[in-house]
Structure formats: structure tokens, C-alpha cells
There are 2 protein chains.
Amino acid sequence: MQLYFIIFVAMSIIRRTKSVNDITQFFEESKYAVSVVNLVERFKEKMNKTTVYRILDKLENDGVIHSFIGRDSLKWYAKCQGCQSGHHTDTHPHFQCNSCGRVECLPVKLQLPEIQNLSIEYAEVNLVGKCTECSN
Amino acid sequence: MQLYFIIFVAMSIIRRTKSVNDITQFFEESKYAVSVVNLVERFKEKMNKTTVYRILDKLENDGVIHSFIGRDSLKWYAKCQGCQSGHHTDTHPHFQCNSCGRVECLPVKLQLPEIQNLSIEYAEVNLVGKCTECSN
DNA sequence: ATTAATTTGCAACCAAGTTGCATTAGTTGT
DNA sequence: ACAACTAATGCAACTTGGTTGCAAATTAAT
């Protein structure tokens, strides 16, 4: 309830388009990462797939969401926590359950290996395995 | 020179098809990972793209090469060191230089984070940055 | 040598993602 | 309130990585 109120206020103040709001709100409420095909399917009644792609690009540039490429070659999106515009420092690992397919962001700091003579700008870490519910 | 001899002997003993040999030999000689588009382009005079895809699948299943998905959504291949058939335990990180585009396997053991209640089967780690030559 | 099994090429297809352009919606100035 | 402008959206066509079905060719088996 509070969440909806906050979203409503944010919508009123920032004044974005209806489409951008729809997708933004979806990410606010979603706990897991979502693939781009899923998003296009999910919003196909409300907007064109081109629009979905464009809004996702925009939201990513604005630091609202971040993306990564899954083992399925698809682009997956999830909301950012602590990412600034154009500077996604929050390169946490992503976990995909190969049983139920669910993808989630892991709240873990990565310790990147120090490689001689290589300057690493960011890391993409995808962990694949079984989630809690599927391993029971 | 020794390398060529070894390849020749291996070719004679294992008796694979010409196409499989061409691609296998390419990976023996190549130091870096190669994208699938590059491979199709590289062998387009010698064989059909369907054949390339099929051989890559086969070689990966046989544990000769391994693949990973790059930030460009493309499938990249590199030769395996110490991978057994169907069991790619050697999940080392891959590094892609975002200046020259070169992709290489890093001979580094990964320390995967222990996540509660998640059983992680494998990890895909892609590091992006600048390589030695490009950072000078 | 004839048959059976594998491999390859080809064309058509599928799906993710992009582009150009016309249309609509939203903003601003007068 | 209306015209003029700007930004957002829809649509269709296109590009590209990847797959599939089937026929032709090559290789292996009897």
C-alpha cells in the first residue's frame, strides 16, 4: 500500500510517460530478474515491442534497472539498488535456477581476481544451479 | 612444428571428418576465444554455416572446446584445458577487451561465493576491461 | 558391390533485436 | 484557445544469429 503511494507520488512529480511508468512500476514490484522476451510478452497488450525495447534502454541508461546476458543468450533485466546513472558499480552476481528458470540478484560483494596488466572495468557473474525450493 | 605433428597423428588415429579436423585444428592453434560469427565467416569457403554450428556443438559435447555467452549476446568458443566430455569443470573466467575486442581465457581458479540454500552447479564469469596492449 | 549409416549443403524458417517513417500525444509560446 | 514544435509510440520491414527438414553426397558395413 505504501509502495503504491510512493509510486503514485513519484509518477506525479517526475512526470514520465504512461508506458515508462508501467514498466518502471513493474520493476518496483518484481523481486526477480525478467528476460526481455517475458517483458515484451507481458506488455504486448499495452505497448509495442519496439517501445518496450526503447524504454528498457532508457531505464538502464538512467540507472533504474540493470541488464545482463543469460546463458540463454537473452537479455535479462532487474531493478538496480544503488546504481547511479551510467555507472553500474553494483555488479553483483546473478543466479539462475535451471529447474524453475527463476533468476535473481544475489546481494553479495564480488571479489574480483587481480590479473596482471589487465584493467577490469566490470564483471558479469552468472551462477547456475538449483534454488531453495527446487532442491527440495 | 611439433604441434603440427601431434595434430597430424591425432587426425590419423581418431579419423574424424575433414570439416571437424579443420575446426579442431583451428582451435589448437588459436590462443584466444572466437565468436561463432567469426567462425562461420572464417570457414565459409570451406563449409556451410549449418555444418559449423553442428561441429561446434559436437566438439563442445566431446569436451574439446567450451563456450560462453559474451556481453554481445554472441556465443564464444575456446579450446578446453582439462575438461572432460560433458563435464566442464574448468569454469575459468573470460576476459574481453572492450577496445580491441579480443577475448581470452584466464588461467585463474574461481572462488565462488557460498550462498545459503543455493546449490551452484557452474559459474560463468565474464570480465570486461582493457588488455595489456590496449591500455598503453 | 550393394545397402546402411553419417555427414554435408541448401533453402526455408524462427526469434531477438533494430531502423525508418508516419502518426499521435504532449509542451510551449503567443 | 490555437498554432508550432518536440518527444513518444506504433507499425512494418529488415537484419542477424541460430535451427530444422530434407535431399545429395560421402563413408562405413555386410
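In what follows, chains carry the letters A, B, and so on, assigned in the order in which the sequence lines appear, proteins first and then strands, with residues in each chain numbered from 1. Small disclaimer: the values here were computed from a predicted structure and weren't measured.
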Kindly give the heavy-atom pair with the smallest separation between [X] and [Y], and that separation in Å.
{"X": "Cys100(A)", "Y": "Cys131(A)", "answer": "SG-SG, 3.9 Å"}
{"X": "Tyr32(B)", "Y": "Val103(B)", "answer": "CB-O, 3.1 Å"}
{"X": "Ser67(B)", "Y": "Glu60(B)", "answer": "OG-OE2, 2.6 Å"}
{"X": "Trp76(B)", "Y": "Gly70(B)", "answer": "CD1-N, 3.8 Å"}

Q | Within residues 43-51 of chain B: residues closer than 4.0 Å to DNA chain C (heavy atoms) | A | Lys46(B), Met47(B), Asn48(B), Thr50(B), Thr51(B)

Q: Under 4.0 Å between any heavy atoms, over every strand shown, what does Val37(A) touch: base, sugar-phosphate, or nothing? Just pick one.
A: sugar-phosphate

Q: Identify whether any heavy atom of Val36(A) sits under 4.0 Å from a base atom; if not, whether one sits that close to sugar-phosphate; answer base, sugar-phosphate or nothing.
A: sugar-phosphate

Length of the [atom1]-[atom2] vector between [X] and [N], whole Å:
{"X": "Leu56(A)", "N": "dT9(D)", "atom1": "CG", "atom2": "C1'", "answer": "15 Å"}
{"X": "Asp57(A)", "N": "dT9(D)", "atom1": "CG", "atom2": "P", "answer": "13 Å"}
{"X": "Tyr53(A)", "N": "dT19(C)", "atom1": "OH", "atom2": "C1'", "answer": "14 Å"}
{"X": "Lys58(A)", "N": "dA7(D)", "atom1": "NZ", "atom2": "P", "answer": "12 Å"}
{"X": "Lys18(B)", "N": "dA25(D)", "atom1": "NZ", "atom2": "C1'", "answer": "16 Å"}
{"X": "Glu41(B)", "N": "dG18(D)", "atom1": "CD", "atom2": "P", "answer": "14 Å"}
{"X": "Leu39(B)", "N": "dG17(D)", "atom1": "CG", "atom2": "C1'", "answer": "13 Å"}
{"X": "Leu74(B)", "N": "dT16(D)", "atom1": "CG", "atom2": "C1'", "answer": "10 Å"}

Q | Arg54(A) side-chain proximity, nearest of dT9(D), dG17(C), dG18(D) | A | dT9(D)

Q. Between the two end axes of the helix from dA1(C)-dT30(D) to dT30(C)-dA1(D), each built from 5 base pairs, what angle do you get to the nearest 10°?
A. 20°

Q.
Could you tell me if Asn126(A) and Gln96(A) have a donor-acceptor pair between their side chains, going purely by distance under 3.5 Å?
A. no

Q. When you match Ser73(B) and Ser19(B) each to their closest nucleotide on DNA chain C, which lands nearer the 5' end?
A. Ser19(B)

Q: May I ask you to decide if the ring planes of Phe43(B) and Phe26(B) are parallel, tilted or perpendicular, using 30° and 60° as cut-offs?
A: perpendicular

Q | Qualifying residue for side chain to side chain contact (heavy atoms under 4.5 Å, CB included) with His94(B), from His66(B), Glu104(B), Glu124(B) | A | His66(B)

Q: Check step by step if side-chain contact (heavy atoms from CB on, under 4.5 Å) holds for Phe95(B) and Cys97(B).
A: CA-CA 7 Å; Phe95(B) 174 82; Cys97(B) 175; 4.1 Å; yes

Q. Who pairs with Tyr53(B) by ring pair (Phe, Tyr, Trp, His ring centres under 6.0 Å), at least two apart in sequence or on another chain?
A. none

